[in-house]
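As structure tokens, the structure follows; a few thoughts come after it.
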Amino acid sequence: LDEISEWTIDTDVAIVGFGCAGAAAAIEATAAGADTLIIDRAGGPGGTSALSSGAIYLGGGTPIQRACGFEDSVEDMYTFLVAACGPDADEAKIAIYCGESVSQYQWLVERCGVEFLAEFCELPGIPPGEQALHYVGGENAYPFNQVARPAPRGHKPRTEGNAGWMLMDRLVGALGHDAARLFDTRVERLVVGRDGRVVGAVGRRYGREVTVRARRGVILTAGGFIANDRMLAQYMPLVVGCEKVGGDTDDGSGIRMAQAAGAAIKHIDAVDVTLMITPPLSRQFGILVNGQGQRFINEDTYFGRVGYAALYGQGGDVYLVVDQDSYGIDDSMPVVQPDIEGQVITRVSHVAGTARELEESAGFPVGSLEATLDLYNRHAQNGEDVTHHKSPEWVRPLVPPYGVIDYRRSSGVPYWSLTLGGLHTNVRGEVLNADGDAIPGLYAAGRTTSGIAAHGYCSGLSLGDGMFFGRRAGCAAAGSL
Ligand SMILES: Cc1cc2nc3c(=O)[nH]c(=O)nc-3n(C[C@H](O)[C@H](O)[C@H](O)COP(=O)(O)OP(=O)(O)OC[C@H]3O[C@@H](n4cnc5c(N)ncnc54)[C@H](O)[C@@H]3O)c2cc1C
């Protein structure tokens with residue numbers, strides 16, 4: 001604070017970053033009567049949120065779930081998320097997120113004007129059409145279907161265009177002219193008073209320094225750090241070189257400026273890795289194996305679990321063994337064939353009439369694939385997957401000739417990665433220091449923070465917890481929580 005000679009701008013609440021978390025924070029801070037300024041380094045609102053597919057994780061019995069005939073409860077949603085988000089997930093955040101999920105849905109619809117079409121899409125991944133509801137985290141697959149009643153919880157806003165863009169458009173519309181905006185301004189550091197309270201921020205706009213005094217607090221909603229290779233190398237070296245889910249602005253600047261002010265970080269090595277073995281859906285009849293020809297996961301689960309298990313458990317050395325029907329195209333299985341149905345080019349690299357020939361030609365240890373296929377096929381005759389518990393609807397014996405699709409990281413198949421960790425915050429959006437105490441005047445939300453997901457992810461949790469805890473941070477900073 002002693003370094004600041006004059007303030008360029010004076011406000012109650014300064015929000016750094018105008019993506020979904022910043023917009024939600026601004027809506028609540030202004031509603032609570034706080035003078036609010038949103039600062040963004042870009043020329044307008046949007047951030048990675050506007051680039052996204054728009055799926056939001058909501059449940060506990062939303063009107064869309066009920067209209068599509070799915071029963072869900074807060075308890076089932078909570079039990080599932082605690083199991084799916086990793087052994088060290090933040091249960092307090094999950095509890096409040098689930099408990100208020102239906103009212104979060106209503107806020108999106110009634111306060112922000114977001115529309116959802118009450119139709120269910122059975123395809124894995126984001127629905128290609130306008131349907132809202134879809135599975136996004138392996139809720140209906142082993143092991144989660146054993147612990148909680150499965151329900152689809154992905155809610156994609158209705159639009160013919162990009163749902164992430166539409167979501168941001170509605171949030172910006174809901175905010176109206178209630179908050180001041182300062183674009184093209186990159187915030188570089190926080191201003192801390194002698195008593196340790198965060199009282200403002202310093203940024204740079206067209207080469208000039210801008211100093212912002214924030215009487216009630218600063219909220220950091222500046223995105224994640226997938227664009228910062230140094231941070232990736234430090235916290236998740238396996239992800240360096242993987243495909244990035246995020247924009248250039250996800251450079252970790254929000255995390256680093258808060259660390260400089262004494263903030264603690266949490267789950268900073270947590271990452272979502274997507275590896276899609278579908279479409280076509282029939283590929284789920286195949287079996288995923290590692291370089292030793294052994295299975296390591298049920299193929300019908302969420303693609304984020306498949307990707308994480310493949311990269312972190314198997315070093316990205318994985319293959320899908322298919323037969324003609326599970327390969328899923330009409331022509332006879334070729335030696336090299338781009339998959340025209342998906343965006344991902346996946347190829348059958350080897351075909352053989354027996355498992356033994358296949359392992360010899362594709363380079364698996366002798367006997368390995370043969371043993372795996374033998375065991376799998378023996379029980380598949382009864383519709384059972386005794387080792388990895390794939391759902392019976394995807395289990396049947398694979399019939400020769402067999403093919404191998406190369407899903408190795410080194411083959412160029414995308415392993416899409418999204419950082420999940422960041423600043424340690426509590427359920428009020430307050431940023432905590434290493435002792436677990438709130439840093440006065442400092443709040444954060446979205447991918448700048450460690451949110452619901454820890455070492456386990458479900459699509460829709462980033463927009464979901466970004467907006468939910470963004471709202472809470474906005475209320476807390478404005479003094480209305
Ligand atoms: C292709 C794609 C699809 C995705 N699909 C989904 C999905 O369906 N569901 C889901 O939940 N998630 C999805 N995600 C992830 C999700 O979009 C992000 O995790 C989420 O939008 C993060 O929101 P945020 O508000 O934290 O950050 P952002 O939306 O990125 O907003 C951060 C803002 O901060 C600004 N900023 C950054 N640093 C500074 C600074 N120093 N000074 C000033 N301003 C700064 C940026 O310009 C940006 O506008 C997807 C991502 C991508 C790329």
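Both counts, for ligands and for their atoms, begin at 1 and track the order of listing. Below, all heavy atoms of this structure are taken into account, side chains as well, without hydrogens, waters or symmetry copies. Since we're looking at a predicted model, the values are computed, not measured.
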Interatomic spacing from CG in Asp35 to CG in Asp178 - rounded to 0.5 Å:
11.0 Å
With heavy atoms only and a cut-off of under 4.0 Å, state how Val16 meets ligand 1: side chain, backbone, both or neither.
side chain
Is there a donor-acceptor contact under 3.5 Å linking the side chains of Thr48 and Asp250?
yes
Which atoms from ligand 1 have a heavy atom of Gly446 less than 4.0 Å away?
26 (O)
One finds that the ligand 1 atoms under 4.0 Å from a non-hydrogen atom of Gly46 are 29 (O)
Judging by distance only, is a nitrogen or oxygen of Asp40 under 3.5 angstrom from one on ligand 1?
yes
Residue, atom name and distance, where the atom is the protein heavy atom closest to atom 8 (O) of ligand 1:
Ala55 N, 3.0 Å
In Å, rounded to the nearest 0.5 Å, how long is the span from CZ of Arg186 to OH of Tyr206?
15.0 Å
Just say parallel, tilted or perpendicular for the rings of Tyr135 and Phe70, cut-offs at 30° and 60°.
perpendicular
When you compare the side chain of Arg181 with that of Val172, does any pair of heavy atoms fall below 4.5 Å?
yes
With heavy atoms under 4.0 Å as the rule, classify the contact between Ser52 and ligand 1 as side chain, backbone, both or neither.
both
For Gly460, counting its heavy atoms only, list the atoms of ligand 1 lying under 4.0 Å from any of them.
9 (N), 10 (C), 11 (O)
Could an N or O of ligand 1 be found under 3.5 Å from any N or O of Leu51, whether backbone or side chain?
no
Tell me whether Gly254 reaches ligand 1 (any heavy atom closer than 4.0 angstrom to a ligand atom).
no
For the side chain of Arg204 and the backbone of Glu188, is there at least one donor-acceptor N/O pair under 3.5 Å apart?
no
Nearest protein heavy-atom contact for atom 25 (O) of ligand 1: which residue, which atom, what distance?
Ala21 N, 3.1 Å
How far is atom 16 (C) of ligand 1 from its nearest protein heavy atom, and which residue and atom is that?
Ser462 CB, 4.0 Å
Thr301-Asn298 side chain donor-acceptor pair, cut-off 3.5 Å:
no
Is Ile56 touching ligand 1 with its side chain, its backbone, both, or neither, if touching means heavy atoms under 4.0 Å apart?
neither
Verify whether one side chain among Tyr457 and Thr274 offers a donor that lies under 3.5 Å from an acceptor in the other.
no
Would you indicate whether Glu3, at its atom CD, is surrounded by more than 12 heavy atoms from other residues, nucleotides or ligands within a distance under 6.0 Å?
no
Please state which protein non-hydrogen atom is closest to atom 38 (N) of ligand 1 and give its distance, to 0.1 Å?
Ser253 OG, 3.2 Å
For atom 32 (C) of ligand 1, which protein heavy atom lies nearest, and how many Å away is it?
Thr221 O, 3.4 Å
Who's the nearest protein heavy-atom neighbour of atom 5 (N) of ligand 1, and how far?
Ser53 N, 3.1 Å
Please state whether Gly246 comes within less than 4.0 angstrom of ligand 1, counting heavy atoms only.
yes
Atoms of ligand 1 under 4.0 Å from any heavy atom of Val245, numbered from 1 in the order shown, are 50 (C), 51 (C), 52 (C), 53 (C)
Heavy atom under 4.0 Å from ligand 1: found in Val187's side chain, backbone, both, or neither?
both
Kindly assign one of parallel, tilted or perpendicular to the pair His267 and His455, based on the angle between their ring planes and the thresholds 30° and 60°.
perpendicular
Mutual orientation of the aromatic rings belonging to Phe144 and Phe80 [parallel < 30°, tilted 30-60°, perpendicular > 60°]:
perpendicular
Assess Cys20 for proximity to ligand 1: is some non-hydrogen atom of it under 4.0 Å away?
yes
Which protein heavy atom lies closest to atom 21 (O) of ligand 1, and at what distance to 0.1 Å?
Ser49 OG, 2.8 Å
For residues Thr425 and Lys93, is any side-chain donor paired with an opposing acceptor at under 3.5 Å?
yes
Identify, for atom 28 (P) of ligand 1, the protein heavy atom at the shortest distance, and state residue, atom and that distance.
Thr48 N, 3.5 Å
Expected list for residues 253-260: side-chain donor-acceptor pairs under 3.5 angstrom, two or more places apart:
from   : atom 1 : to     : atom 2 : distance (Å)
Ser253 : OG     : Asp251 : OD1    : 3.0
Arg256 : NE     : Gly252 : O      : 3.4
Arg256 : NH2    : Asp251 : O      : 3.1

Which of the ligand 1 atoms, numbered from 1, are nearer than 4.0 Å to a heavy atom of Leu461:
11 (O)
